[in-house]
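Here the structure is laid out as structure tokens; the discussion comes afterwards.
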Amino acid sequence: QVQLVESGGGLVQAGDSLRLSCVASGRTQRNYAMGWFRQAPGKEREFVAAISGGGYTTNYADSVQGRFTISRDNAKNTVYLQMNSLKPEDTAVYYCAASFRGMMSDKAGYDYWGQGTQVTVAS
């Protein structure tokens with residue numbers, strides 16, 4: 001069992017920056033992949049970004065490419081999502097997820113999920 005806890009969400013203005021954190025505990029291992037997803041009211045949970053176990057490979061949704069950066073600190077069992085140039089359409093609940101089967105963009109491929117943190121971007 002793995003527990004994931006997100007933090008760092010809040011209310012910001014368009015154009016501002018925000019950094020989300022996700023701390024993993026329990027049965028973690030070195031070579032796991034992590035992902036960030038988001039869900040707005042009335043929409044499906046969508047892929048945002050993913051990072052490989054070693055942190056050398058990343059993948060981003062087209063909607064956030066160039067604005068968001070995913071990173072990790074394995075010594076702290078923590079993954080981050082740096083969000084710059086935020087837009088109102090980025091407003092959603094953001095979830096982190098862990099996969100022990102490799103990095104992927106399909107939410108069905110992730111084994112454990114956090115409870116989410118709200119990000120609201122005002123215009």
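- For the atom pair N84 CG and L18 CG, the distance stands at 10.0 Å (nearest 0.5 Å).
- Checking side-chain atoms of R67 against main-chain N and O of S85 turns up a donor-acceptor pair under 3.5 Å.
- Side-chain N or O atoms of N74 include none that pairs as donor or acceptor with a backbone N or O of G54 at under 3.5 Å.
- For the ring pair (Phe, Tyr, Trp, His ring centres under 6.0 Å) with F47, the qualifying choice from Y94, W36, Y95, F37 is F37, the only one to do so.
- W113 CH2 to E6 CD: the interatomic distance, rounded to the nearest 0.5 Å, is 9.5 Å.
- For Q118, the CD atom sits in a packed shell: over 12 heavy atoms of surrounding residues, nucleotides or ligands are nearer than 6.0 Å.
- Around the CD atom of E89, the shell of radius 6.0 Å holds more than 12 heavy atoms that belong to other residues, nucleotides or ligands.
- Under a 4.5 Å side-chain heavy-atom criterion applied to ILVMFWY residues, the cluster that includes V5 comprises that residue alone.
- No donor-acceptor distance shorter than 3.5 angstrom exists from the side chain of R72 to the backbone of A33, with no hydrogens or angles considered.
- With hydrogens and angles disregarded, no donor-acceptor distance shorter than 3.5 Å links the side chain of Y80 to the backbone of T69.
- A side-chain donor-acceptor contact under 3.5 Å links R101 to the backbone of G109.
- Minimum heavy-atom separation, T91 to V121: OG1-N, 2.9 Å.
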